[in-house]
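Heads up, the thing below is written out as structure tokens.
Naming convention: chains lettered A, B, ... in sequence-line order (proteins, then strands); numbering from 1 in each chain. This is a predicted model, so every value here is computed, not measured.
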There are 2 protein chains.
Amino acid sequence: MELLSTGNKEITIYDIARELNISPATVSRGLNDHPAVNKETKKKIFNMAKEMGYRSNTFASNLRRQRTNTIGVIVPRLNSNFMSSVIAGMEKVANDAGYNLIISQSLETAKKEATNAQTMFNSRVDGLLVSLAYDTDNIEHFKDFLKKGIPVIFFDRVFNHKQCTGIVIDNVKAAQEVTSHLIGQGCRRIVHITGNLKRNVYADRLKGYKYALADHNLELDNNLIIQTNLSVEDGIAAAEKILQMNTLPDGVFAANDACAVSCLQTLKQAGIAIPQDIAFAGFNNDPVSKVVEPNLTTVDYPGYEMGEVAAQNLISHLNGTSNINSTNTIILRSELVIRASSLRSDSLNK
Amino acid sequence: MELLSTGNKEITIYDIARELNISPATVSRGLNDHPAVNKETKKKIFNMAKEMGYRSNTFASNLRRQRTNTIGVIVPRLNSNFMSSVIAGMEKVANDAGYNLIISQSLETAKKEATNAQTMFNSRVDGLLVSLAYDTDNIEHFKDFLKKGIPVIFFDRVFNHKQCTGIVIDNVKAAQEVTSHLIGQGCRRIVHITGNLKRNVYADRLKGYKYALADHNLELDNNLIIQTNLSVEDGIAAAEKILQMNTLPDGVFAANDACAVSCLQTLKQAGIAIPQDIAFAGFNNDPVSKVVEPNLTTVDYPGYEMGEVAAQNLISHLNGTSNINSTNTIILRSELVIRASSLRSDSLNK
DNA sequence: AAAGTTGTTGTAATCGGTTGCAATATAAAA
DNA sequence: TTTTATATTGCAACCGATTACAACAACTTT
């Protein structure tokens, strides 16, 4: 058909309308499956649209509807296993629901986080999914969104605010379980390697650590708490710090796996037996935890699921299916995964 | 000022124009720093815009300009270290240049890849960055883009097409180096674990493996080539296959690290000494390669940089700064990283 | 003083859908 | 047959920014 060879120009609903001798309004309704359009007409419209190679112009549509079908995502960093799982989960849900994701990294600074938020605001995202940077103190930079009623959902690294839902795991409980487990394996002097305490995740894990000590009537020794940025290098530095302690600890609980693993390896190289001398536990169930020797005890942390839940909640709020304003916090399951790095009874060491 | 309290309504250039008693056209020009606008007027416009809390409406602008400032990215999967580094690199470059990224996953199927491409096409991305799925046979699904002159750049898993630039490393050479290194360590029967040979990366690595054998006058034994999907499970399966060989190989070169590591660990558990009995090498320099014992020899693969280069090239093409149509392939540096898993001379084994 | 520049601003059409309201046709009820 | 309800469709005004072109002022040049 010669219709196909209309050249490179973009087909609009006006072209379809002209071809079919109906009004653009009807074409628009037809394409959107509006109930007030005759089924026959719809069919004709769809066919002609396909035949002419029509594609909807999102901008014209967005401009009119005042809606973008776009969700903004701000994360500290993309290149961690946990974060890319989260994004993967979000992408799936969003994609299925016809939403696009715009992703940006704060690189752990509040400043870039604010800039990114502004960009997202100008791009008029329909909603925001955020995991906070290390040094974010307040959420002033999200005020514009809240003022306009644009939903902001925090995940993992959350901020308590009445207008914002947070999606987390119970970090206190998980850390408490980890610590209790170590204590159960005979540990009495447990080092805790923590991150920036501004962030709930690390503060809560520290709290869980403290609670567990208290539960077992162990005294809290602040010298055993090492604050770091939880990087691989920080794990090595922590190991060196541990090696210089007067009395060596008999357990280490690090707030993430990357740091736990590098710390473990450094100590091992220094001749320390894991878990006999020092039992180890991390957090996240990162792939490396299953590779390091001995395998690392850790907390399984559902990244993919967290992404799905965050996106799902945002989208159903946007669609009016549900209202997240009533929901303040969603807590996902997490699970202690016991592996050889913390098992002193030989039962599970093969 | 009462100007600030105009409520929740969105400020437009018309509002600014009215307030300043000038025309919207001048406001538009002023905000875009058009040279024909008086400096004083510009200053007034900027100030008023700020004061009134104006934000540009991207849709109106895009609708008019026929441009989106958005780049589409299609990758097989997000949750691998390599891929998230790539995305991180792209995000940085794009963000700095005022572009947004729309990201989607093909989940390794050509079908979803095609769907995603269609979505991107409808979202009218200015350009596309693609790493192909496992089973993609052709690039029909990108024809719409090419026909319209929308640039498509492939990275890592590329497709040779005169209209598309590809960004890769020299997989043949890298694999040849790996294999030569193993041969240099005394290996004579080297297993190669490869992926889907439709993809250049795996086909090329296989080619490099073969070339290296030829270089050293070693006979090619097709039984030593194991084709898999390169997953962790495939590594384990490969190990089992290896254990059942009549004559054990003395080297294994896997086309990625995840697979290499699980294979190595399985063999090790079966009592095989690494590297004495079987020397090992992988590909990617994934974090796990530095954690497994012994540490894995591998090829350092610049993911972050690849992302930067891909995005940079696309953007400068879009801005007219450079033209990628003349460039068909960009090859990035890669580097053999020798670690204990392949070192038989004790020199580097501590 | 007339003509030509240069600098600055305004007018109005345009990008492509969406949607409240009115109009018409058709069928059902009175 | 008239009235009323229902199903379809069209009209036209948006949404907010961009830009070709015209208009005008102020200043030079001849």
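- Classification of A:Glu51 and A:Lys44 as a salt-bridged pair fails, no side-chain N sitting under 4.0 Å from a carboxylate O.
- A salt bridge links A:Glu108 with A:Arg157: at least one charged nitrogen is closer than 4.0 Å to a carboxylate oxygen.
- A:Arg65 contributes no side-chain N or O that forms a donor-acceptor pair with the base of C:dT18 under 3.5 Å.
- In this model, no donor atom of one side chain and acceptor atom of the other lie less than 3.5 Å apart for B:Thr58 and B:Ser61.
- Taking the side chain as every heavy atom from C-beta outward, B:Lys198 and B:Thr136 never approach each other to under 4.5 Å.
- Over its full length, the helix from C:dA1-D:dT30 to C:dA30-D:dT1 turns its helical axis through 50°, comparing axes from the five pairs at each end and rounding to 10°.
- An OP1 or OP2 oxygen of C:dT18 is reached within less than 4.0 angstrom by no side-chain nitrogen or oxygen of A:Tyr14.
- Nearest nucleotide to the side chain of B:Gln66, out of C:dT19, C:dG16, D:dG16: C:dG16.
- Atom C1' of nucleotide C:dG16 and atom CG of A:Asn57 are separated by 6 Å, given to the nearest angstrom.
- Rounded to whole Å, the distance from CG on B:Leu20 to P on C:dT9 is 11 Å.
- With D:dG10, C:dG17, D:dA17 as the choices, the nucleotide that has an atom nearest any side-chain atom of A:Arg64 turns out to be C:dG17.
- The CD1-C1' distance, from A:Ile45 to C:dT18, rounds to 14 Å in whole Å.
- Checking B:Thr68 against B:Asn62 by side-chain atom types alone, no donor-acceptor pair falls below 3.5 Å.
- The existence of a salt bridge linking B:Lys92 and B:Asp96 is confirmed by a sub-4.0 Å separation between a basic side-chain nitrogen and an acidic carboxylate oxygen.
- B:His141 and B:Glu113 form a side-chain donor-acceptor contact under 3.5 Å, judged by distance and modelled atom types alone.
- Remark: B:Arg29, B:Asn32 in residues 29-44 of chain B come within less than 4.0 Å of DNA chain D through at least one heavy atom.
- Across C:dG17, D:dG16, D:dA17, the shortest atom-to-atom separation from the side chain of A:Ser28 is found for C:dG17.
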